[in-house]
Amino acid sequence: MKQLAIADATLRLCASDESALGFKEKIGIVKNLVHLGVDVIETAPSAFTKSDVLFLHTAAAMTDRQVFSCPAGFSEESVETAWRAICKAPHPRLLVSAPVSTVQMEYFCHKTPAAMLENWTRTVAKAKALGAECEAALEDATRAEKDFLYQAVRTVIAAGADVVTFCDSAGTMFAGEMYRFLEDLRSNVPELDGVMLSVECSDELHFAPACAIACIRSGAGQIKTAVGAGKTLKLAQFADILRAKERELDVSTHLNMTECDHLAEKIAAIFAGRPAALSRVSASPDVEGVRFSASDDISAVGEAVKKLGYELADDDLKNVYEEFCRIARKKELGPKDLDAIVATVALQAPPTYALKNFVITSGNAITSMAHVVLLRDGAEVEGFSMGDGPIDAAFLAIENIHGAHYELDDFQISAVTEGREAVGTGIVRLRAGGKLYAGKGVSTDVVGAGINAYINALNKICYEENAEA
């Protein structure tokens, strides 16, 4: 069974759709694409300003198995600039893209065919000289002159391209035409057997799914998709086809089919600017509004904790129930109270990380920035990030330090004393491997309480991961 790579172009297409996505929205898309299991994440074309480079650094650090692809323009200078921005990603890729149809070469690039071939050679060779994996995307390939297209493909392969993408930009081909198009290329350019063949099918006339299937049958190893952006093949639609027909197509993917629809909806909601669609209640509907008293036994409390999303060992449940009984003698408790108890007493892990200091820059006229310094095995480690507010920036900075992302399931801040010097508590719930880990932090600074809560939850994840290893 052949491994099929899924490359997501949502962020790249967002730019062409003139969508005003902020730093937080773009990071949210990257987080969900990582969870979704796509193989390649394509970023938007960048002006490489300080904020652009910060986003690329932040997003690159969130990837693990995924290839992180950055559009590199069509000049040696732009290729080098792009490489500096993403070179520290675990699997960086430079995307060199330009049209190959006569009309678009003249209209967009103002170059002759010979000049275009020379430029292809220089840019792809530059990317390879820098040590990057290089993808050459031939835009409007299905409307190019056949002889020139063959020559362009040979040129980019000779220059070192690892992936060659053919774009049906017009989206007017039937599936049979697309299949014959690729078969003709394979027949006339045998060098294609030495690289990954990739396709980007436009859904202008709703032919993209059928064309993608035809491309797979012709040997394509990478299919480009998108969520809620442009007219490229929709990821959720393609996932439905793969879910039903993977065996017949003799391919497998890394897509998280179980959560595919849910995650695609979250990405689409971010893209559509509907953040309310992403919010989660802090408690399961099964326990929302339910009150608990001292008369509830350990099994009832354990069942409620499970409905909140936690899986506790017997010792942890015992500790939770003892704390529950202590508080329940004084008042009734709700789901948020149970959340706080779990965060406080369950799975008290030895600290992998400890907070040394943090600096937050925030205001209503600037983007929040965080510099967080943690102690790990006695050594100082630091992270920087921008975010939508001080808490978001601080959490992203901690993620940069740890090198992994966990879904923030819930975050709460509340005061436990009165007055200007009131002590605040923060509750953070992180989701890792399908399980919830809660952390609690206390400080006179609400940001500090949130940071300590996040670190406390992160330490529990690290403890379990190390124990399983």
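Only a predicted model underlies this, so the values are computations on that prediction, with no experimental measurement involved.
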In the structure I gave you, are the side-chain heavy atoms of Leu117 and Phe148 within less than 4.5 Å of one another anywhere? yes
Is the side chain of Thr10 donor-acceptor paired with the backbone N or O of Val227 at a distance under 3.5 Å, no angle test? yes
side-chain contact (heavy atoms from CB on, under 4.5 Å) test vs Ile41 passes for just one of Asp8, Val34, Val67, Ile29, namely Val34
By ring-ring contact (aromatic ring centres under 6.0 Å, His included), which residues pair with Phe74, not counting sequence neighbours? Trp120
Check whether any side-chain heavy atom of Cys215 lies under 4.5 Å from a side-chain heavy atom of Leu182, and answer yes or no. yes
Sidechain-backbone polar pair: Ser218 side chain, Ala214 backbone, donor-acceptor under 3.5 Å: no
Could you go step by step and tell me if Phe181 and Leu149 meet the side-chain contact (heavy atoms from CB on, under 4.5 Å) rule? CA-CA 11 Å; Phe181 170 78; Leu149 181 59; 3.8 Å; yes
Determine whether the aromatic ring centres of His402 and Tyr353 lie less than 6.0 Å apart. yes
Among side-chain atoms of Gln66 and Asp64, is any donor-acceptor pair under 3.5 angstrom? no
For Ala438, does its backbone N or O pair with a side-chain atom of Lys440 as donor and acceptor, under 3.5 Å? no
Nearest heavy-atom pair of Cys211 and Met173: which atoms, and what distance? SG-O, 3.2 Å
Ignoring hydrogens and geometry, is there a side-chain-to-backbone donor-acceptor pair from Arg65 to Val38 under 3.5 Å? yes
Are Lys111 and Asn119 close enough that some pair of their side-chain heavy atoms sits under 4.5 Å apart? yes
Just by modelled atom types, is the Asn452 backbone N or O under 3.5 Å from a matching donor or acceptor in the Asn456 side chain? no
Leu11 versus Phe55: any side-chain heavy-atom pair under 4.5 Å? yes
Where Phe238 and Ala212 come nearest, the two heavy atoms and their spacing: CE1-CB, 3.9 Å
What's the spacing between Leu458 CG and Ile401 CD1 if we round to 0.5 Å? 9.5 Å
How long is the span from the OG1 atom in Thr253 to the CZ atom in Arg243, to the nearest 0.5 Å? 9.5 Å
Scanning both residues in full, the closest heavy-atom pair of Val428 with Gly450 reads CG2-O, 4.0 Å
Hey, does Leu197 have a side-chain heavy atom less than 4.5 Å from the side chain of Val164? no
Using 0.5 Å steps for rounding, measure from the CD1 atom of Ile86 to the OG1 atom of Thr63. 9.5 Å
Would you give the length of the straight line joining atom CG of Leu235 to atom CG of Asp240, rounded to the nearest 0.5 angstrom? 10.0 Å
Answer yes if the side chains of Ser252 and Glu246 hold a donor-acceptor pair under 3.5 Å, and no otherwise. no
Is the number of heavy atoms from other residues, nucleotides or ligands under 6.0 Å of Asp377 CG greater than 12? no
Please evaluate residues Ser97 and Glu139 with respect to the criterion side-chain hydrogen bond (donor to acceptor under 3.5 Å, both in side chains), reporting the C-alpha separation (whole Å), side-chain torsions for both, the decisive distance (0.1 Å), and the verdict. CA-CA 7 Å; Ser97 179; Glu139 299 173 12; 2.4 Å; yes
Please check if the number of heavy atoms outside Lys245 that lie under 6.0 Å from its NZ is greater than 12. no
Taking atom types as modelled, is there a side-chain donor on Thr165 or Glu135 under 3.5 Å from an acceptor on the other? yes
For the backbone of Ala132 and the side chain of Lys128, can you confirm whether one donor and one acceptor N or O come within less than 3.5 Å of each other? yes
Quick one: closest heavy-atom pair of Pro99 and Met116, and the distance? O-CE, 3.3 Å
Closest heavy-atom pair, Val79 versus Thr123, reported as atoms and distance to 0.1 Å, is CG2-O, 4.0 Å
Within a strict 4.5 Å, meaning less than it, do heavy atoms of the Asn459 and Tyr437 side chains meet? no
Lys126 (side chain) donor-acceptor with Ser75 (main chain) under 3.5 angstrom: no
Salt bridge or not between Glu133 and Arg93? Use side-chain N to carboxylate O under 4.0 Å. yes
Is Lys231 paired with Asp203 through a side-chain N to carboxylate O contact shorter than 4.0 Å? no
Say whether, by atom type as modelled, one donor and one acceptor occur between the side chain of Lys2 and the main chain of Gly219 under 3.5 angstrom. yes
Could you check Asp409 against Leu430 for side-chain contact (heavy atoms from CB on, under 4.5 Å), going step by step and ending with a plain yes or no? CA-CA 6 Å; Asp409 190 84; Leu430 300 179; over 6 Å; no
Donor-acceptor pairs are to be reported for all side-chain atoms of residues 381-399 against protein atoms at under 3.5 Å, with residues two or more places apart or in another chain.
| unit_1 | atom_1 | unit_2 | atom_2 | d |
| --- | --- | --- | --- | --- |
| Glu382 | OE1 | His371 | NE2 | 2.8 |
| Asp392 | OD2 | Asp388 | N | 2.9 |
| Glu399 | OE1 | His405 | ND1 | 3.4 |
| Glu399 | OE2 | His405 | ND1 | 2.9 |
| Glu399 | OE2 | Tyr454 | OH | 3.4 |

With side chains defined as the heavy atoms from C-beta onward, is the minimum distance between Glu42 and Pro71 less than 4.5 Å? no
Any chance you could measure Cys260, atom SG, to Glu265, atom CD, to the nearest 0.5 Å? 10.0 Å
With respect to Glu407, which candidate in Arg429, Lys435, Lys266 satisfies the salt bridge (charged side-chain N to carboxylate O under 4.0 Å, His left out) definition? Lys266
For side-chain contact (heavy atoms from CB on, under 4.5 Å), just list the numbers for Val40 and Phe68, CA-CA rounded to whole Å, side-chain angles, deciding distance to a tenth of an Å, and then say yes or no. CA-CA 6 Å; Val40 182; Phe68 192 64; over 6 Å; no
Checking side-chain polar atoms at under 3.5 Å, does Thr81 have a donor or acceptor matched by the opposite partner on Ser78? no
Is there a side-chain contact between Ile216 and Leu4 in this structure, where contact means two heavy atoms from C-beta onward sitting under 4.5 Å apart? yes
Using 0.5 Å steps for rounding, measure from the CD atom of Gln222 to the CD atom of Gln3. 12.0 Å
Can a side-chain donor-acceptor contact be found between Asp168 and Thr142 if the only test is distance below 3.5 angstrom? yes
side-chain contact (heavy atoms from CB on, under 4.5 Å) between Thr225 and Ile6, intermediate numbers included: CA-CA 7 Å; Thr225 64; Ile6 305 298; 3.7 Å; yes
State whether the side chain of Asp140 and the backbone N or O of Ser169 hold a donor-acceptor pair below 3.5 Å, judged by distance alone. no
Atom of Val100, atom of Ala141 and distance for their closest heavy-atom approach: CG2-CA, 3.7 Å
